[in-house]
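Note: hydrogens, waters and symmetry copies are ignored here, and every other heavy atom, side chains too, is used. Proteins come first, then strands; the chains are lettered A, B, ... in the order of their sequence lines, and each starts at number 1.
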Amino acid sequence: MNVEKFSYDNQIVKLFTIATVIWGIVGMTVGVLIAFQIYLPWLNFDLQYTTFGRIRPLHTNAVIFAFVGNGIFAGVYYSLQRLTKSRMFSDLLSKINFWGWQLMIVAVAVTYVLGITTSKEYAEAEWPIDIMIAIIWVAFGINMIGTILKRREKHMYVAIWFYIATFITVAVLHIVNSIEIPVSLTKSYPIYAGVQDALVQWWYGHNAVAFFLTTPYLGLMYYYLPKAVNRPIYSYRLSILHFWSLIFIYIWAGPHHLLYSALPDWAQSLGTVFSLMLIAPSWGGMLNGLLTIRGAWDRVRDNPVLKFYVVAITAYGMATFEGPMLSLKNVNALAHFTDWIPAHVHVGTLGWNGLLTFGMLYWLVPKIWNTNLFSKKLATAHFWIATLGLVVWVVPMYWAGLTQSLMWKEFTPLGILQYPNFLETVLQIVPMYVIRSIGGSLYLVGAIVMVYNLFKTAQQGSFVANEAAEAPALIKENNDKFNSHRWLEKRPIQFALLATVAILIGGIVEFIPTFLIKSNIPTIESVKPYSPLELEGRDIYIRESCNSCHSQMVRPFRSETERYGEYSKAGEFVYDHPHLWGSKRTGPDLHRVGGKFSNMWHYLHMQNPRQMSPGSIMPSYPWLLEQKLNTELTLNKINVMRMLGVPYADGYENQAVADLQVQAEGIADDLLNSGIVVESDKEIVALIAYLQRLGTDIKVKPAENK
Amino acid sequence: MFSQNLASIDNVWIFPVISLVLFFLIFAGVIIWVLKKDKSYMESYANIPLENDNKVKIIEESKNEK
């Protein structure tokens, strides 16, 4: 047998490990900051760059793509080489993957803070960054598949299956969700509008959770857990079943984010059914993980790595039980838009992703630095702090979500809302926000303890950049039977194709009918495109990420129609590129806010919300009163909108800015009548125009400002 | 209201049905395939991650390159 000598590339693993740790701290720190901002508005510093709306996406993207993303790469680059018994396909691609990804993260951070955003949750990056992500992701994919093709191990272990599915699906999701037409280098509109945009967004959002936060981590679990316990996975059969049913079902479940919305009923039901079915494979995976430790539970006591894994896998089990429950329509009616959802999410992220990453790092760092962990005690302390932090984070948020939801729905015996003032329901749960911020801080402290421990570990060890190894080459079978080696070599490709088919079926069956509706929906006659000023105002709404805290989707419940007005119709959103339905009501829904308050009220409220609503937790937006509205792109925006099917008349773009000024002067005059002196070219005027237009199209009486 | 819009699409009912049938077929297929596989085969698969430590000799010579 011909034994080949080669070496594993640990350098790339080291780079990704360091990046994971650094971005983890950054992402969690921003998380802690916004957790405090939510009840201490002065922490927004009245500065546009540090306001909640802009840095909340920074937090979500930093922890998902920077912390977890680098964690995936570190874990995959280490395990894939060992599982295939070969070095990575190309060191250059590895480096492109690493530096490209870090550059992308920095670009994302800078643009979000500057207010450059598409507003699509977990995909807020603008088009140049989207292209960059696609290129880096493909580099990673080529590197991975190349490595699998030149492997010295005959079989592809199940972890690799999960890695391949991750690569394929994330690529598909990212591309489909990011199809947008540029207006400028930093601004674009998605080709989808309203209902379709929401469906695509949550097909993406849901599956980003599935294929960025779940499948790669399951792959990591299937490798790092057996390594840590030093025994094979409980049932390999179960892992195969787990894999195929998981990737097949997950893709269908996206619509459960849009229950009771203006999305067609059948699509909602499909989402619910498939979400329920998801329990089976998810729990299969969880049990497979936990049962792997059977007979070795005594080792959990003195092995911090195993402690992290056990709680991580348990959190996975809890989150994947809760997910399907939340997609039952009656539970969803209660939980949606409340703090219950962030609680659910954080069981998954802090518990499953965070703890599994920590466990993996505590195992990986000593390995590649060829030493032992600096302090088991500190690692154990980290475990307890993190677990406590997790509990202190989620429990008050469950409580807050339930409390607020019940308050929203409470009627007096006379049949009027018990708490008609939204603010009352917010002030009720502020104590819960306070406790949550303590939980988040604890979790961050634990992570800082880890940084110290890992740093000390690396310091005491000596780094093995190229770990020498040897393995026999794959034996070529005789040609007289059937060239199974060549067939095997092709398998990753065939496998990838099969996985692609599995995920595409779900997407296609979901989309086709919804796209068909477009031509079938009776467009509501009175729904008209936004005026140029309103369009600019809408883009300010997007820039400040108002949709982080305000929904634009009145559900067909009496408690909501009483509070907000007529429930939202699909036909009202046909010109909304992108949709701004939102997913959380930290503040009230805004879909019917048009005409509810005077222009003066909005002006003073944006200047400092506490002037109009004492006790409000909303940030102040003083810069909107100062900054001049940029109308340089207005012409282009109208053109792009027309290209996307919004019926602006031919040549209207040339008249747009003039129209915009006329409408702006009208609002400025009205404000002057109320005693407020404001020039008509300020951003606040455009935002007021948009807010006053919201949801008014279907009302018989036309809105004031038109 | 939306079911009315959908009713105007021909045969819209077929989409949920296709999805369920497809899922069932795939699920059944995978179960059969998994059960048919030989047990020792499965065990050899499951042991792949542990092999590096046990079977492949790792030579600790080239430390601290670069």
Asker: Any sub-3.5 Å donor-acceptor pair from A:Lys227's side-chain atoms to B:Pro49's backbone N or O?
Answerer: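 Flag set: sc A:Lys227 to bb B:Pro49 pair under 3.5 Å.
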
Asker: How many angstroms lie between atom CD of B:Glu43 and atom CZ of A:Arg237, to the nearest 0.5 angstrom?
Answerer: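 One finds 9.5 Å between CD of B:Glu43 and CZ of A:Arg237.
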
Asker: Heavy atoms only, distances under 4.5 angstrom: which of A:Trp244, A:Tyr236, A:Tyr234, A:Phe243 has the most pairs with chain B? Name it, please.
Answerer: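 If we count pairs closer than 4.5 Å to chain B, A:Tyr236 comes out on top.
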
Asker: Roughly how far, to the nearest 0.5 Å, is NZ of A:Lys154 from OH of B:Tyr45?
Answerer: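 B:Tyr45 OH to A:Lys154 NZ: 8.0 Å, rounded to 0.5 Å.
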
Asker: Considering non-hydrogen atoms only, spot the tightest contact between A:Arg231 and B:Leu50 and give its length.
Answerer: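 The pair with the smallest heavy-atom distance is C-CD1, 3.5 Å.
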
Asker: Distance check, rounded to the nearest 0.5 Å: A:Ile240 atom CD1 versus B:Trp33 atom CH2?
Answerer: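 It is 4.5 Å, given to the nearest 0.5 Å.
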
Asker: Identify the heavy atoms of B:Ala46 and A:Ile233 that sit nearest to each other, and give their distance.
Answerer: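 Here B:Ala46 and A:Ile233 meet closest at CB-CG2, 4.1 Å.
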
Asker: Just jot down the ring-ring contact (aromatic ring centres under 6.0 Å, His included) partners of A:Tyr78, sequence neighbours excluded, or say none.
Answerer: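 Expected list: A:Trp363.
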
Asker: With respect to chain B, which residue among A:Val158, A:Leu241, A:Val273, A:Leu238 yields the maximal number of heavy-atom pairs within a distance under 4.5 Å?
Answerer: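 Of the options given, most contacts go to A:Leu241.
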
Asker: Roughly how far, to the nearest 0.5 Å, is the OG atom of A:Ser79 from the CD1 atom of B:Ile48?
Answerer: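 Between B:Ile48 CD1 and A:Ser79 OG, I get 12.5 Å after rounding to 0.5 Å.
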
